[in-house]
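Notes follow once the structure below has been shown.
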Amino acid sequence: MRILYLNTDQRDIEIENLITDIISNSKSHDIQIFRSQLTDFRWYEVNKIVKARSFIKKNKIDIIHTYRYSDAYLALLLSFGLNVKVVFSCYSYYEDLKGFSNYMYKTAIAKCAAVIFQTETQKKRFISKYKDNHLKYFKLFHGFSSVRLDNYKYESIRDEFFIDDYRYLIGTLCDFSPEHDVMNILKMVKKLRKSGRDFTCLISGDIDDEYDTYFDDCKYYYLIQGLDNYITYMKRRDDAPNYLSQLDAFVYHSDDEAVALPVIEAMVMGVNVVANDSEMIKEITCDGKYATLYKTKDAVDFAEKTRGVLLELDDFRIIAETIKEEARMLYSIEKHIAGLEKIYRIIKNN
C-alpha cells in the first residue's frame, strides 16, 4: 500500500509531530509512505491542485490520510475518478460551522472511506448524530513518540519568567475559548490562593479572534481579583515537553472537546494531572486512574484537588512516574501505527 499524508496547515504542531513520528517509526514493508508538500494552500491556487493530482497519479497512491475537514474535502477532489481512498482523522466536533465550511465538513464525513475518531466518547456522539455507515467509523487514540518527548531542549521556565524556587509551578495548555473554560482555572487559582499556597499558575494558549472578548473577560477577572501575582500568561508554547517537564501539577478544564491532547501529553511526560470529570476526560485518563479528577465547574473542588497534590507532592511524583510508563504504552506511536495499518487494510480490501 502507498499512503500519502496530507496536512496543508503546518502551524498545527500536534499533527505535524504526529505525521513525523508515524513516518519515523513505521517499519512495515507492505506500506510505503509519502508526505504531501501541499502547504499553505488556497482554493484559488489551481496550479497546486493540478500538481498534487499529478503526484497522486504518478506515485500510484492508494490512500490519502488527512487531519482537517478541509483537507479531507480537498483530497476527495484530488482523487476524483481515481482508485484512491481518503481517510479523515477527526479531532473536533465542528458543530458551529456554517456555509461552505459546513458543506465541506459534512461531505468529508459522508464520502471518506474511513473516519477515525480520537475517543469512544466522540465516536458515540457522531453515531447518534449521523445516520451513516458505521462500519467506516473507527476509534484510535493519538500517539506520541517517547524518543521525541525525551529529546527536548531544556530551558528554565522559572528563569524565563523570574519565578522564585520556593513557589510551586502549576500550569495549563489551552486556547482561550469557552470549550476550555480558562475562567474556571482562574476561579480555582482564587480559591487555591486562600489556602496559603505559594504558587504560580502558567497559562499557555492562543487568543482566537473569534473569542477575543472571552480573553478580555478572563484578563479583567484575574486583575480585578488581584491574581496577577499568581497568574503568568505565556501565549502558545512550541516546546510543550520542556514546559510540561517543569510543572509540579498540570491543571485542565474541558467542556466540549473530542480529545484533550494536552492532558495526554502531560500524562506521558510524567506530570501530575488535575482535570475535570467529563466523559471524555474520564476516558483518556482511564476513569481517573491516570489523573486526579474534580467535579466539573466546581472551582472549590478543583482547588481542593490541586492543593491535595501539592501537599503530597513527593508521593504524587512517584505515582506520576508509574502513570508515565503505563500511559506511554497506551498512547505510544507504535500502537497508533499498528492501529492505522489495520484500518488501512480494512478499507483497501473493501
Side-chain angles (χ1 to χ4, degrees), residues 9-16 68-70 91-99 101 157-158 160-163 167-194 199-240 242-244 246-247 249-266 271 273-276 278 280-281 294-303 305-306:
D9 186 3
Q10 291 185 309
R11 294 169 299 177
D12 194 335
I13 298 171
E14 289 85 0
I15 298 304
E16 280 295 298
R68 304 165 71 229
Y69 69 86
S70 56
Y91 277 75
S92 187
Y93 290 113
Y94 302 112
E95 293 182 339
D96 57 348
L97 294 175
K98 297 178 181 178
S101 294
I157 300 295
R158 291 182 184 273
E160 183 178 352
F161 292 97
F162 306 102
I163 301 170
R167 283 178 171 264
Y168 292 111
L169 212 55
I170 64 177
T172 193
L173 284 169
C174 59
D175 296 336
F176 282 82
S177 65
E179 70 176 10
H180 293 125
D181 200 357
V182 176
M183 184 68 79
N184 201 54
I185 294 176
L186 300 181
K187 290 177 179 178
M188 179 276 290
V189 169
K190 178 185 174 183
K191 301 293 183 183
L192 186 61
R193 176 191 62 178
K194 292 182 178 179
F199 66 92
T200 293
C201 181
L202 306 170
I203 298 180
S204 172
D206 281 335
I207 305 171
D208 194 319
D209 291 339
E210 184 180 357
Y211 301 117
D212 55 353
T213 56
Y214 182 75
F215 172 76
D216 291 339
D217 290 343
C218 290
K219 186 175 181 180
Y220 177 78
Y221 178 86
Y222 87 76
L223 288 176
I224 204 71
Q225 295 295 334
L227 301 177
D228 47 313
N229 192 41
Y230 293 86
I231 299 287
T232 297
Y233 171 53
M234 308 169 61
K235 297 187 178 180
R236 184 177 175 86
R237 304 289 297 194
D238 293 336
D239 62 340
N242 173 61
Y243 166 71
L244 291 169
Q246 298 177 56
L247 298 180
F250 179 81
V251 295
Y252 200 81
H253 182 96
S254 176
D255 269 339
D256 195 31
E257 288 181 288
V259 63
L261 290 182
V263 170
I264 298 174
E265 194 162 9
V271 186
V273 173
V274 184
N276 61 306
S278 69
M280 178 272 294
I281 293 290
Y294 65 89
K295 298 174 185 176
T296 298
K297 295 292 186 182
D298 188 335
V300 174
D301 192 42
F302 193 177
K305 295 294 172 58
T306 305

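The structure displayed is predicted, hence computed values, not measured ones. Only heavy atoms go into these numbers, but all of them, side chains included; no hydrogens, no water, no symmetry mates.
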Roughly how far apart are [X] [atom1] and [Y] [atom2], rounded to 0.5 Å?
X      : Y      : atom1 : atom2 : result
Ile163 : Gln246 : CD1   : CD    : 9.0 Å
Leu186 : Leu227 : CG    : CG    : 7.0 Å
Thr172 : Tyr252 : OG1   : OH    : 6.5 Å
Asp301 : Asn276 : CG    : CG    : 10.5 Å
Tyr168 : Thr306 : OH    : OG1   : 12.5 Å
Thr200 : Arg158 : OG1   : CZ    : 7.5 Å

Practice task
Quick one: do Met280 and Val263 satisfy side-chain contact (heavy atoms from CB on, under 4.5 Å)? Show the steps, please.
Solution key: CA-CA 11 Å; Met280 178 272 294; Val263 170; over 6 Å; no

side-chain hydrogen bond (donor to acceptor under 3.5 Å, both in side chains) partners for [X], two or more places apart:
X      : result
Arg237 : Glu160, Asp239
Tyr222 : none
Glu14  : Arg236
Lys187 : none

How close do [X] and [Y] get, counting heavy atoms only, and between which atoms?
X      : Y      : value
Ala249 : Val271 : C-CG1, 4.2 Å
Ala303 : Lys191 : CB-CB, 3.5 Å
Cys218 : Val182 : SG-CB, 4.2 Å

Handout entry: Residue pairs involving residues 252-261 (criterion salt bridge (charged side-chain N to carboxylate O under 4.0 Å, His left out); sequence neighbours excluded)
Key = Arg125-Asp256, Asp255-Lys297

Handout entry: Aromatic centroids of Tyr294 and Phe302 separated by under 6.0 Å
Key =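 Yes: the rings meet the under 6.0 Å criterion.
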
Are the side chain of [X] and the backbone of [Y] linked by a donor-acceptor contact shorter than 3.5 Å?
X      : Y      : result
Asp206 : Asp175 : no
Tyr214 : Met183 : yes
Ser254 : His180 : no

Exercise for the section: Among Leu244, Val274, Leu202, find the one that has a side chain to side chain contact (heavy atoms under 4.5 Å, CB included) with Phe250. Expected result: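 Passing option: Leu244.
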
Exercise for the section: Kindly determine whether Ile281 and Thr296 satisfy side-chain contact (heavy atoms from CB on, under 4.5 Å), including the steps that lead there. Expected result: CA-CA 10 Å; Ile281 293 290; Thr296 298; over 6 Å; no

Practice task
Compare all side-chain heavy atoms of Ile207 with those of Tyr233 and state whether any distance is below 4.5 angstrom.
Solution key: yes

Practice task
Using a 4.5 Å cut-off on heavy atoms from C-beta on, say whether the side chain of Leu97 contacts that of Tyr69.
Solution key: yes

Completion exercise
Sequence neighbours excluded, the answer for salt bridge (charged side-chain N to carboxylate O under 4.0 Å, His left out) partners of Asp9 is Arg11

Handout entry: Residue pair Tyr91, Ile15: steps toward the side-chain contact (heavy atoms from CB on, under 4.5 Å) verdict
Key = CA-CA 10 Å; Tyr91 277 75; Ile15 298 304; 3.8 Å; yes

Practice task
May I ask you to establish whether Arg68 and Tyr94 are in a cation-pi arrangement, using a distance under 6.0 Å from NZ or CZ to the six-membered ring centre and at most 45° from the ring axis?
Solution key: no

